[in-house]
Amino acid sequence: MTQETFNELIADPDKLKEAAIKEKPDQSNAYIKQYNTSGHDVMDTSIRPDKTVVNDRGTTLVKVTRLGIPLQKKIVFYAAAFLCANPVKLNASAKDQQQENLLAVIDRTWDENKLDYKNMELAEILMSETEVAEVWYTEDLPADSGYWSETVNEKIKFRLRMKVLAKSLGDELLPVYNEFGDMIAFIRNYKIQNGDDQVERMEIYTADTIQHLEKQTSGWTELKSATNVIKKIPVIYYRQSQPEWAEVQTLIDRFELSLSKHSDTNDYFGSPMVKVKGTIKGFASKGEEGKVLELDNGAEAEYLTWDQSPESVKLEQTNLRSLIFDMTDTPDISFTQMSKLGTFSGFAIKLLFMSAHLKASKKEQIFGEGVQRRINYIKAAMGKLNTSLEKATTLNIKPQFEYYLPKDIENEVDVLVRALEGGILSQETAIEKNPLVADPKEEKERIKAEKEATDSDPDKLDDELDDPDPEA
């Protein structure tokens with residue numbers, strides 16, 4: 001959609017919405033259905049109907065077994081966790097005090113909005129519904145909130161807040177791109193409950209304005225409109241072409257069907273059945289020891305057994321499960337599987353999770369781009385909220401993802417010690433890399449204080465180490 005076309009359509013929200021929908025194919029509803037076990041094919045009576053049994057007692061409807069396995073959720077959870085379970089670090093080299101101040105307020109905004117937790121939520125929605133967005137807005141602060149205390153924004157009366165938007169949360173996401181692929185607007189369409197009725201609302205975000213509309217019987221009414229002082233669209237939109245399980249959906253369908261049919265078979269043949277030829281004269285009583293079945297002359301009785309062992313069914317289910325995990329680069333780290341493994345070195349653990357890390361690296365191309373846009377938006381917003389920080393917004397900040405990996409702390413510390421003793425690593429870097437250290441800056445101060453105490457009075461420090469509490 002060209003900028004000129006958008007400018008023409010914005011006067012008619014219905015036409016603008018219609019044009020935006022045409023430009024963006026949306027299969028989120030189908031993916032949400034696959035993501036939740038209640039929407040799986042095996043649960044659908046039109047696809048897997050119940051059985052109608054006709055016998056001498058009449059016609060009976062027998063319900064078949066329906067086993068929905070939440071493999072889609074496991075695939076998505078593992079993919080999101082390997083990418084976002086560890087907090088995203090903000091890499092930047094501040095060159096002056098103003099840039100240090102900017103970093104401080106960005107860190108405060110990041111922490112107060114709990115973005116490390118939101119990242120996981122965003123990643124899971126993206127990987128399951130194929131699209132998600134975050135919208136940023138300002139919120140007034142109470143006079144005594146202390147939100148910006150100990151930062152350069154101490155006198156600012158606003159803060160930045162973020163809200164997650166998704167189809168599963170009731171939002172229709174409609175990005176508008178120009179002919180060059182740049183987003184020129186973003187439309188959020190949703191409904192709210194007003195008494196017994198639902199009212200349709202629309203929000204239109206551009207680099208210049210932010211509009212809030214409500215649909216009434218007479219048409220669309222503007223609830224409020226504001227100038228976008230930050231001059232950036234306050235929406236970060238994430239999109240991928242298909243959900244994480246798309247390539248193995250048929251395998252999952254077959255796996256669920258196989259388990260369900262096998263369960264039905266067990267219901268019929270799991271308990272012993274007796275085949276009798278001739279006339280039965282008497283049965284053994286329930287609980288009777290040495291049970292005997294009394295038969296007439298020439299009658300025969302034998303257990304009806306399943307001559308063909310269900311090995312082929314077991315093999316199919318094993319192969320399907322293995323393929324589902326392998327084809328989605330999802331590590332099978334269930335308790336059952338991991339209990340079969342021995343102790344691994346740090347390098348062996350990395351090899352074990354290499355495919356999951358390669359997948360996370362690929363997903364970072366999509367998700368990381370969105371996080372970078374978020375950082376750029378927060379920078380620009382801080383420059384407008386506090387003009388003293390405007391020059392500092394040239395600071396280059398890059399997100400750094402640390403893919404999840406079980407930690408071998410003993411091995412990591414040992415490597416750091418050997419590198420430090422070998423002279424190929426500085427003490428400062430060793431402290432920053434030490435997994436036992438929560439706050440590297442504070443740890444450096446403690447080490448410095450201990451060193452100064454040792455230099456001034458070595459005997460005193462030795463005494464304190466031998467007896468840290470002399471009065472105890």
Side-chain angles (χ1 to χ4, degrees), residues 25-55 58-81 121 123-132 166-170 240-271 273 306-338 355-356 359:
D26 183 13
Q27 293 183 300
S28 296
N29 287 330
Y31 299 145
I32 292 172
K33 183 180 177 183
Q34 292 172 357
Y35 189 64
N36 296 292
T37 53
S38 60
H40 289 191
D41 285 354
V42 75
M43 312 299 287
D44 191 335
T45 55
S46 65
I47 298 175
R48 177 167 164 74
D50 292 325
K51 291 182 179 179
T52 302
V53 178
V54 180
N55 51 35
T59 302
T60 306
L61 184 67
V62 179
K63 291 188 177 296
V64 299
T65 304
R66 306 179 188 280
L67 301 178
I69 314 299
L71 285 169
Q72 291 91 341
K73 288 188 177 181
K74 182 175 282 290
I75 291 168
V76 167
F77 171 71
Y78 281 176
E121 180 185 358
E124 286 189 275
I125 296 175
L126 170 67
M127 294 176 186
S128 58
E129 300 178 29
T130 71
E131 64 171 356
V132 67
K167 190 66 171 283
S168 58
L169 299 176
Q240 63 182 49
S241 59
Q242 59 186 16
E244 297 303 300
W245 65 83
E247 299 296 340
V248 297
Q249 180 59 42
T250 55
L251 299 180
I252 295 174
D253 289 339
R254 177 63 189 177
F255 185 60
E256 291 179 328
L257 182 63
S258 177
L259 287 174
S260 298
K261 285 185 173 181
H262 194 195
S263 181
D264 278 335
T265 302
N266 285 339
D267 287 342
Y268 280 103
F269 301 106
S271 300
M273 297 178 67
W306 194 355
D307 293 333
Q308 297 297 323
S309 175
E311 286 299 318
S312 61
V313 176
K314 180 180 178 182
L315 179 61
E316 180 191 29
Q317 292 172 0
T318 301
N319 287 340
L320 285 170
R321 190 178 191 280
S322 178
L323 283 170
I324 289 167
F325 278 83
D326 289 346
M327 294 301 100
T328 56
D329 293 317
T330 303
D332 191 354
I333 51 179
S334 64
F335 178 80
T336 304
Q337 294 298 322
M338 298 304 290
S355 63
K359 180 180 179 179

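Excluded from the calculations below are hydrogen atoms, water molecules and symmetry mates; all remaining heavy atoms, backbone and side chain alike, are included.
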Just wondering, do [Y] and [X] contact through their side chains at under 4.5 Å, heavy atoms?
X	Y	value
S128	W245	yes
S258	V313	yes
R66	T45	yes
F325	L71	yes
S263	L67	yes
E131	L126	no

Could you tell me which residues satisfy ring-ring contact (aromatic ring centres under 6.0 Å, His included) with Y31, sequence neighbours excluded, listed by chain and number?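 Counting only residues at least two positions away or on another chain, Y31 forms no ring-ring contact (aromatic ring centres under 6.0 Å, His included).
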So, [X] and [Y], do they make that salt bridge, N to O below 4.0 Å?
X	Y	value
E316	R254	yes
E124	K73	no
R321	D332	yes

Under 3.5 Å, is there a donor-acceptor pair between the side chain of [X] and the main chain of [Y]?
X	Y	result
E256	I69	yes
T328	I324	yes
H40	Q34	yes
R48	V42	no
E129	S168	yes
N36	I32	yes
D264	V64	no

Show, in sequence, the C-alpha distance, side-chain angles and deciding distance for H262 and K314, and conclude whether the side chain to side chain contact (heavy atoms under 4.5 Å, CB included) test is met. CA-CA 9 Å; H262 194 195; K314 180 180 178 182; over 6 Å; no
Using a 6.0 Å cut-off, check whether atom NZ of K167 has over 12 heavy atoms from anything other than its own residue. yes
What do you reckon, is CD of E247 surrounded by more than 12 foreign heavy atoms closer than 6.0 Å?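 Not more than 12 within 6.0 Å, no.
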